[in-house]
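Below is one structure, written out as structure tokens; the observations come after it.
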Amino acid sequence: MAHTLTFREAVAEAIKEEMKRDPTVFVMGEDLGKFGGSFGTTRGLLAEFGEERIRDTPISETAIVGFALGAAMGGMRPIAEIMRCDWMTICMDELVNQIAKMRYMSGGRPEIHLVVRTNTEGGIGLGPQHSQSFEAWFCHVPGLKVVMPTNAYDAKGLLKSAIRGRNPVIYMEPNSLLSMSASIPDEDYTVPIGKAEVKKEGKDVTIVAWGTMLAKSLNAAKTLASEGIDAEVIDLRTLHPMDTETIVNSVKKTGRLVVAHEANRTGGLGAEVAATVQELAFDSLDAPIKRVATPDAMIPANRRLEKYVLPQEDKVIEAVKSIV
Amino acid sequence: MAHTLTFREAVAEAIKEEMKRDPTVFVMGEDLGKFGGSFGTTRGLLAEFGEERIRDTPISETAIVGFALGAAMGGMRPIAEIMRCDWMTICMDELVNQIAKMRYMSGGRPEIHLVVRTNTEGGIGLGPQHSQSFEAWFCHVPGLKVVMPTNAYDAKGLLKSAIRGRNPVIYMEPNSLLSMSASIPDEDYTVPIGKAEVKKEGKDVTIVAWGTMLAKSLNAAKTLASEGIDAEVIDLRTLHPMDTETIVNSVKKTGRLVVAHEANRTGGLGAEVAATVQELAFDSLDAPIKRVATPDAMIPANRRLEKYVLPQEDKVIEAVKSIV
Amino acid sequence: MTITKEKNKTTLSKDQLAEMYHQMVRIRNFEAALPDLFLKGLVVGTGHVSLGEEAVAVGAISALGPKDFVISTHRAHGHALARGSDIKIILAEVFCKATGCTGGKGGSMHIHDFDRYFFGTVGIVGGGITIAGGLGLAAKLQKSGQVCIGFFGDGASNRGTFHEALNLASLWKVPTVYVCTNNQYAMTLPLCNNCANPDIATRAASYNMPGYSVDGTDLWAVYETVKKAVDHARKGDGPSLVVANTYRLSPEHSLRTSSDPTTKYRPPGEVEQWWAEHDPVKITRKKLIDMGILTEKTATKIEADAKKEFEEAFQFAINSPEPEFGVAFEGMYAPEEGGK
Amino acid sequence: MTITKEKNKTTLSKDQLAEMYHQMVRIRNFEAALPDLFLKGLVVGTGHVSLGEEAVAVGAISALGPKDFVISTHRAHGHALARGSDIKIILAEVFCKATGCTGGKGGSMHIHDFDRYFFGTVGIVGGGITIAGGLGLAAKLQKSGQVCIGFFGDGASNRGTFHEALNLASLWKVPTVYVCTNNQYAMTLPLCNNCANPDIATRAASYNMPGYSVDGTDLWAVYETVKKAVDHARKGDGPSLVVANTYRLSPEHSLRTSSDPTTKYRPPGEVEQWWAEHDPVKITRKKLIDMGILTEKTATKIEADAKKEFEEAFQFAINSPEPEFGVAFEGMYAPEEGGK
Ligand SMILES: Cc1ncc(C[n+]2csc(CCOP(=O)(O)OP(=O)(O)O)c2C)c(N)n1
Ligand SMILES: Cc1ncc(C[n+]2csc(CCOP(=O)(O)OP(=O)(O)O)c2C)c(N)n1
Ligand SMILES: [Mg+2]
Ligand SMILES: [Mg+2]
């Protein structure tokens, strides 16, 4: 049997089930108790679990993440929330120098089982300081795992894997996908970290996307299909470690690759995908790999400008056509 | 006429000359007054300019960089020092959300003329939290410029350009290069931001490198020459904006590219170079672009292990041979 | 450490006081209108209104000279208006129109007015606290005699930037006055779950600077205290911390959150009671009439004029064009040509 | 806010005191030997010795039970030794040998001993302050009765993490005792250029927690104060801040900087005077003999034993193998198999 949930409800349900399953799981972050989270992803949890396990914090991002690390070392499985990815900038030391390295620095001893959840990407008119997505940074940091689900099913399944896992996971929730629904099995399931998913098979070109760009890429694929171009679309889902195999296999079949993400182009994770694929599938490539991304620009608040700056479906179509 | 300076002396000389030239230039950071900087790059400045303009700060990295921004907005040209690149993690909000975006967020009005200097890369046995290089992060942030000189001449010239410029510059000083000397003209000169330099011409393969890997690449090129492989070696110098033209022209000539940097491989700026070049010079490439970098691992303190983990000359040679 | 509770004093002239009331009313009109305009889709993204904080904005900013610096927060409209910024330009920015102060690229969280040394708003809570110290440093190094006010909220006072900035500002004796608008909530978190010691002014002791706790609904108290701190700074005696205690009369934290009906986190009746007993506009009006500075008639005239000004601003903003696509990529870097 | 200066008391038994002196001597020997070993090239990278801080390490850690947590700083050797860690393993780590606690991958800045709940050292100044709060939170949530000591320095107290962590620890009443070893220098910066208010314990008031300022050369004062704070935490009454004031007797900030002759930033004679008048090992020795707890003979025996122990540790460390290359890439991630 199954039920229907939005992305944000799927997040809450994953947390709820894991908290019931494991008393060491708890949640901490800003405005996530009574308010249910600035983006509504923790609604209902306070009523169910109380203030001891659903912990509202002051505006202290370094303490949120640093306490989560200490709590994990002390045997708990914290789920820390940083309200917006833009503010992950504040706790980068905790993430990069402490959390990612604590196990290694300690001779491989402690398990840093914690999740840092954050709302990412733009698209709702919040302007330059509230619309960014820094997945490329986190993937550059050995010791972390990074996931970004694109639908409620994966949101729940990946979050469960992250919570149950034995390593620190950055779990990124794309802003504009939170209200999208999907069918969720009633029974317990997980989605493995490290596996991409082929969302649509195709033979002419591979499109690898994550976050908001996945849906735009699938739409683009529809349009392209009507013009006789058969695109294969891959949802990367786990950004680090990357499922290179699935991508390379696809490119070996199609001979062409477009990578689409919402983060800024230069230094974005699209570069990593392109660099890896051209190395591993050089002889299969019939055309240059194209990247679709936000140009190297800030994201304006004005909705028309925002839409103009962020990559849309047409940019994916354009990129595909330029190489097919 | 010319004189000889080490990299660290060249940094100090650039600051000294610019401070004499422009009363709005000043320096702030940890232990840079009497002590002359933890890596000796500000020696002699306190004696010359006094405490008003050579300002020692407490261990407050967010305040160092935030104050520098305010001071720039108020008309000064601060040179802020973050002792180690690893601690740039602490002031990422100030760098990314405030400094990089202040002009844009303010409708293009203020000039954020400031420099943030930092000691980067590893190689001296300081272990996982004191050996990292995050240039890829900064290049992912529109609004910043990023330079990493590899020799005393460029160190002086690029720092002068950064200080005189009208935009925020992250100026990165590779740890293991600070004692290397070069001949410095006695007269004033600058090195332009945004220009790579071909250090050695060659026709068989292009090696693009920055930081410590430049010297290792030049050494590798010597060894390769003795085996009949003629490598062109490019010092990227400015990492953002990248001098794509120089790289692409070289690759069009050689048909092969190796990118070498010390930062971790995944998400490193090498990926950006590779992704850009395969797009712009696809038809010229006779082989996959290879990256030489620290594998996705922490950098151990033990010197043998450190040397083993960090990429050495032999890795560059190997990479070249794998594609020539 | 000095923690004083200021009493009303009147070094202010009648004209000044009438003008200050005028400013408060301008802010009130502006802020009161926004929730509705947001629901109508005119305000883009989000916005934070400052109902209940009018006396803090006007009292503090009136203590500054025309070339003094101001750094504000995500809740900035009142500060800009108190600084004398053109209400049309501010409203147009809140609507993200081409005529706004950033040309519509920033919106409500990025208000600035460089001509008035209003050096902008920072959407990252606590992000401005260090910048305000740096502006003070610039003034000090250039011996310009300028002073900087750095506004922030009770919630922001728990950011590490607060600690680092106030310590450094004090060590360097920069002329920065830190004004904390304690509206008793950080988003949905009440002060007591926010600050382990809710008497935020106490913290000044950690930094060896004067700390003042004042009634933020009392225009006189705010003005006189900030004035004292500004004079102190201008003399070269360094920064101060002024905590102005008031209440967030706005229905919700932000315009965006107010559209969400599930957000009940304030005790029932609390908002209504503060409106009834501690509305700074009402309090100021009554006091000014009692003092004979305003009459019912002059007060009503001020209010009517302000209404009219807002109505004009509204017409201006709504009729302003959307920004051209091309501007989206402008203003990221200053052109290097023509630099120093 | 409670700022008390503790007086000597003696709830400690003779045996305990003799053992505490023993620990202080172990630390002294270890630290005193390192500068020379660094110059000989045996210490890798850098290292920070804690001469002058022995009474803080031993006094504070003696107030803990065996399962209580400790988080340390870059200056960690003394804390590890006081916790009872095997001196061989610690020295081997400082030499970056395979037998060290991280197998040579961390070095001096990454000492830990998980079997003794010594949860490691953080090379980022102030990085451990939040972690210590989280360990306290883990203890509280699991009702384990454990307490955490989080050590940090006077310099670290100016990091934003100090502010955020102490505020949150107090709000949540976590059982963490924050012990600030004020050795009056942060690298080359003297306390007065470091903390705007050099009385660091004052800061506890900002967080509504007890704040104590104690003589950090006085073993009794440190022990009794930290014990009081530990008991307070264990009872569920929340965190405290204990500032132990002493002096960095070490010639330089770090072993690396000490090889640089240009580093003159302390007033002439200052180090010598502190050695003469405030050496905690000498002070403790004299007091214990005066109190009849030690005799010249038993003290000398302790010192000789410690010397022998260090000599053995040195032989162990120097004869230990270098790590295999293969381990360089081990221990980054925990294997997911066999997880929950
Ligand atoms: C660093 C950071 N964390 C969280 C937020 C989200 N946020 C925006 S306003 C706000 C509350 C700020 O509270 P306070 O400082 O008291 O200002 P007020 O909103 O009451 O004016 C929060 C948590 C943010 N913008 N920046
Ligand atoms: C965030 C950060 N900034 C700077 C440094 C460089 N550094 C290492 S130790 C130190 C001084 C620390 O002073 P204090 O906290 O008083 O500890 P002490 O060294 O005196 O024991 C500095 C500045 C660092 N490791 N981390
Ligand atoms: Mg507030
Ligand atoms: Mg110190």
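Here the structure is a predicted model, which means the values were calculated and not measured. Residue numbering restarts at 1 for every chain, and letters A, B, ... go by the order of the sequence lines.
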Where does [X] contact chain A at under 4.5 Å (heavy atoms): side chain, backbone, both or neither?
X: B/Val259; result: neither
X: B/Thr276; result: both
X: B/Gln132; result: side chain
X: B/Leu269; result: neither
X: B/Leu285; result: both
X: B/Ala100; result: backbone

So which atom in [X] and which in [Y] form the shortest heavy-atom distance, rounded to 0.1 Å?
X: B/Gly267; Y: A/His140; answer: C-ND1, 3.4 Å
X: B/Cys139; Y: A/Thr266; answer: O-CG2, 3.5 Å
X: B/Gly143; Y: A/Met298; answer: CA-CE, 3.8 Å
X: A/Glu279; Y: B/Arg291; answer: OE1-N, 4.3 Å
X: B/Ala275; Y: A/Ala274; answer: CB-CB, 3.7 Å

Should A/Tyr104 and B/Ile299 be marked as a side-chain contact (heavy atoms from CB on, under 4.5 Å) after you check the CA-CA gap, both sets of side-chain angles, and the distance that decides it?
CA-CA 10 Å; A/Tyr104 185 83; B/Ile299 299 167; over 6 Å; no

Counting heavy-atom pairs closer than 4.5 Å to chain A, which one of B/Asp93, B/Ile323, B/Asp86 comes out on top?
B/Asp93

Are side-chain heavy atoms of A/Met92 and B/Trp137 found at a separation under 4.5 Å?
yes

May I ask you to name which of [options] has the most heavy-atom pairs under 4.5 Å with chain B?
options: A/Val277, A/Asp296, A/Thr89; answer: A/Thr89
options: A/Gln129, A/Gln278, A/Lys290; answer: A/Gln278
options: A/Ala287, A/Gly270, A/Ala263, A/Gly127; answer: A/Ala287
options: A/Ala301, A/Cys91, A/Ala297; answer: A/Ala297
options: A/Ala136, A/Pro295, A/Gly268; answer: A/Gly268

Give a yes or no on whether B/Lys307 atom NZ has more than 12 heavy-atom contacts from other residues, nucleotides or ligands under 6.0 Å away.
no

Residue part contacting chain B, namely of A/Val141, when any heavy atom lies under 4.5 Å:
side chain

So CG of A/Asn97 and CZ of B/Arg84: to nearest 0.5 Å the spacing works out to 10.0 Å

Atom CZ in A/Phe282, atom CD1 in B/Ile289: separation rounded to 0.5 Å?
7.5 Å

